[in-house]
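Reckoned from all heavy atoms, side chains included, excluding hydrogens, waters and symmetry mates. A, B, ... follow the sequence lines: proteins, then strands. Residue 1 opens every chain. These figures come from a predicted structure and were not determined experimentally.
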2 protein chains.
Amino acid sequence: MATINEVADRAGVSTATVSRALNGKNTVDSELAARVLTAAEELGYRPNGPARNLRRQETPVLALIISDVENPFFTAISRGVEDVAHAAGYSVVLCNSDDDAEKERSYVSVALEERVAGVLLSPTGRTSGGELLSGTGTPFVALDRPLPGISGDTVLVDTGSAARDATKYLSEQGYRRPGCITGPAGVPTADERLAGYRDGLRAAGIRGCSSLVRRSEFKAAGAGRATRSLLELTQPPDSLLVANNAMALGVLETLRELGLRAGSDVGLVAFDDAPWARLLDPPLSVVAQPAYDIGTVGAQLLLSRIGNERGEPTTTTLSAHLVPRASSDPRWKPF
Amino acid sequence: MATINEVADRAGVSTATVSRALNGKNTVDSELAARVLTAAEELGYRPNGPARNLRRQETPVLALIISDVENPFFTAISRGVEDVAHAAGYSVVLCNSDDDAEKERSYVSVALEERVAGVLLSPTGRTSGGELLSGTGTPFVALDRPLPGISGDTVLVDTGSAARDATKYLSEQGYRRPGCITGPAGVPTADERLAGYRDGLRAAGIRGCSSLVRRSEFKAAGAGRATRSLLELTQPPDSLLVANNAMALGVLETLRELGLRAGSDVGLVAFDDAPWARLLDPPLSVVAQPAYDIGTVGAQLLLSRIGNERGEPTTTTLSAHLVPRASSDPRWKPF
DNA sequence: CACACTCGAGTAATCGTTTTCTCAAAAGTT
DNA sequence: AACTTTTGAGAAAACGATTACTCGAGTGTG
């Protein structure tokens, strides 16, 4: 692949002039610039990124590390990040940690070594890659979940309140024994949603019962098993609050296996408004999180830090809202 | 951020020794190596990627450029790529071209400048970024669609046959007027599926009718409009073959608006087996494409080219298979 | 006309690694 | 004991761009 030297030779100028011409500096004669441009064109010249980044001491790339590319919640975040970053001249590379702490650390490590301009991290679990980030000068923003024990800019969703509202709403719909399927202990979003569920029960004057709570990974399979174990209780719950949309898939599948209907048999509210949620029968009630906004806000925050914004770390909390559909209506009938 | 020089100073050795020690070369005294390691540790040293890549003339990163992160088909591909790449010591960066030819070119451009080891490209439309790739020495593999006018390794799915089989199957189920909603003209996957649909009609002895065919972007909204226009015909189709899963969402939404049921009112087969497909009422019949395998095969191909495998460009064609569910059963009843 | 200034382009230093040389000391050979 | 071979570590040369200097030529001013 052609280097700047070859371009310089072909155009009969120095490498400095080539560099200036190609970077649109105005201190170069227009005739020379034209010669450089055609020479570069003819050689198919493409500047060597590593060399440029090394010299400039910066790389116009943001890393976005998420825990599950197959989850619409995270892909919506990525779209938000991308839109903001792109407008500011940054590329975004998306890394999928697959909810694996080891992979997450490895991606953070790569991002740091490659000297990306900044990192957006949606931390997986407890042992996050966040500790690698803190201390290095590389700006970073935590999305969706805080980094345990590390201070830094954070964009969260007030899912506790949303969970409380959703639970209260279930009780108002006539469900007297709401259960809850949430994520692993120690994962903030999982714990907040559980706490919100308990608050909601209290607000509705229902005595909570820990046997109506199950935890699993934020995946379909675990949630399916949890659902089965709940519904096989002698006093099963009459409705469920489900902590994310991947889990909702597992819950729905198990309901189908058991021959139960959402709504009439088991009230259902799940977190995250996936595109398919409203197409189910009955349409799935959800707590819609502002995923796209998490992305845009996070990216803006990161860009301002990259632009050397000083000041204390900030925490932005966005709010989620309930979208009631028929899966939380005990009177719903298939036809 | 600490450099190799500072580590060398602190350990009282030369930079060459530091480099050798950290890269696990065996030609370095174990006592010195230990000193280097602790010095690096204490300084939080992290090698400068751009410098390393510049010197080594290679970057252990693969770029995967896809047209829609929100489409499960592509995220499944990415998982396949990731698994293979990771095992071989490569990182994968995922770039979302958003079906925008301009963005695609821009990402290809970034990938080339950053001198990634290889590029996996699932081309968007006609004006692909592929022409940027051909000619450069950077190995690349086209996924899902061929690069128009450019020879290179390609991994495809035989969606033509799959479309034919699906159409024939619809007719065997008793539907006599299958329609087709496919992607934009000129996009190979769209055209192949349409051709397969026509073959299927022919095989079933049904006279095709071009008024039963609609094209739109591979998105929900356009497919929804197409569905409406088809079903408002005086002689509407009694069933539909839909060319991808994002489109299926639009079709389903429109059916609901029109108060029609899949299966009993309109037979439905869509491409791509999304996780939610089987949870619908009726469960959605699909043509399941081996998305994960596209990823693994593509990545292996790319890795072997990176490993200097010579030889003519290859084309691997994987096959898709029909997964019949109730949405293509005219006798299906809600209960 | 002499002098200071501006302008534009070339020279060379620099970014932080890896790796080829180079060379002294240790080890082995006759 | 003299000589070759091996070993291990430092000095210095890449890698390919950007950019701080430098310097000659052209321009403006008193």
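With hydrogens and angles ignored, the 3.5 Å screen pairs no side-chain donor or acceptor of A:Asp153 with any backbone N or O of A:Pro313. Remark: the backbone N or O of B:Ala39 is not paired with any side-chain donor or acceptor of B:Arg10 at under 3.5 angstrom. Checking side-chain atoms of B:Arg46 against main-chain N and O of A:Glu113 turns up no donor-acceptor pair under 3.5 Å.
In this structure, B:Arg115 atom CZ and D:dG16 atom P are separated by 9 Å, rounded to whole Å. To the nearest angstrom, C1' of C:dC15 lies 14 Å from CG of B:Asn53. Rounded to an integer number of Å, the gap from CZ of A:Arg46 to P of D:dA17 is 12 Å. C:dG10 atom P lies 12 Å from atom CG of A:Asp9, rounded to whole Å. Atom CD1 of B:Ile4 and atom P of C:dG16 are 11 Å apart (whole Å). The distance between atom CG of B:Leu43 and atom C1' of C:dG16, rounded to the nearest whole Å, is 15 Å. Spacing between atom OH of A:Tyr45 and atom C1' of D:dT18 amounts to 10 Å, rounded to whole angstrom units. One can place CG of A:Leu54 at 12 Å from P of C:dT18, the figure rounded to the nearest angstrom.
The side chain of B:Asn23 contributes an N or O atom lying less than 4.0 Å from OP1 or OP2 of C:dT18. Distances shorter than 4.0 Å separate some side-chain N or O of A:Gln57 from OP1 or OP2 on C:dG16.
Going from atom CD1 of A:Ile77 over to atom CG of A:Leu120 covers 9.5 Å, rounded to the nearest 0.5 Å. Rounding to the nearest 0.5 Å gives a distance of 7.5 Å between OG of B:Ser19 and CZ of B:Arg52.
Contact of the B:Glu70 side chain with the A:Arg79 side chain is registered, since non-hydrogen atoms from C-beta on lie closer than 4.5 Å. Put simply, the side chain of A:Phe218 reaches to within 4.5 Å of the side chain of A:Pro184, judged on heavy atoms. Within the 4.5 Å cutoff, no side-chain heavy atoms of A:Ser122 are placed close to those of A:Arg145.
Of the listed nucleotides (C:dG16, C:dT18, D:dT18), C:dT18 has the atom at the smallest distance from the side chain of B:Arg56. The side chain of A:Arg55 lies closest to C:dA13, out of C:dA13, C:dT19, C:dG16. Relative to the side chain of B:Arg52, the nucleotides D:dA17, C:dT17, D:dT19 differ in distance, and C:dT17 lies closest. In the set C:dG16, D:dT19, D:dG16, the nucleotide with an atom closest to the side chain of A:Ser19 is D:dT19.
Remark: A:Thr317 pairs with no residue by the side chain to side chain donor-acceptor pair (under 3.5 Å) rule, at least two apart or across chains. For A:Asn5, there are no side chain to side chain donor-acceptor pair (under 3.5 Å) partners at least two apart in sequence or on another chain.
Among residue pairs with one or both ends in residues 290-300 of chain B, those qualifying as side chain to side chain donor-acceptor pair (under 3.5 Å) are B:Asp83-B:Tyr292; sequence neighbours excluded.
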Below 3.5 Å between N/O atoms, which protein atoms pair up with nucleotides 4-11 of chain D? Just atom names and distances, please.
{"from": "D:dA9", "atom 1": "OP1", "to": "B:Asp29", "atom 2": "N", "distance (Å)": "3.4"}
{"from": "D:dA9", "atom 1": "OP2", "to": "B:Thr27", "atom 2": "O", "distance (Å)": "3.3"}
{"from": "D:dA9", "atom 1": "OP2", "to": "B:Asp29", "atom 2": "N", "distance (Å)": "2.9"}
{"from": "D:dG10", "atom 1": "OP2", "to": "B:Ser14", "atom 2": "N", "distance (Å)": "3.0"}
{"from": "D:dG10", "atom 1": "OP2", "to": "B:Ser14", "atom 2": "OG", "distance (Å)": "2.8"}
{"from": "D:dG10", "atom 1": "OP2", "to": "B:Thr17", "atom 2": "OG1", "distance (Å)": "2.5"}
{"from": "D:dG10", "atom 1": "N7", "to": "B:Arg20", "atom 2": "NH2", "distance (Å)": "2.9"}

Protein-nucleic acid N or O pairs under 3.5 Å, nucleotides 22-28 of chain D:
none

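Rotation axes derived from the C1' atoms of the five outermost pairs at either end of the helix from C:dC1-D:dG30 to C:dT30-D:dA1 lie 50° apart, to the nearest 10°.
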*Take A:Thr17 and A:Ser14 through the test side chain to side chain donor-acceptor pair (under 3.5 Å) and record every step on the way to the result.*
CA-CA 5 Å; A:Thr17 301; A:Ser14 73; 3.3 Å; yes

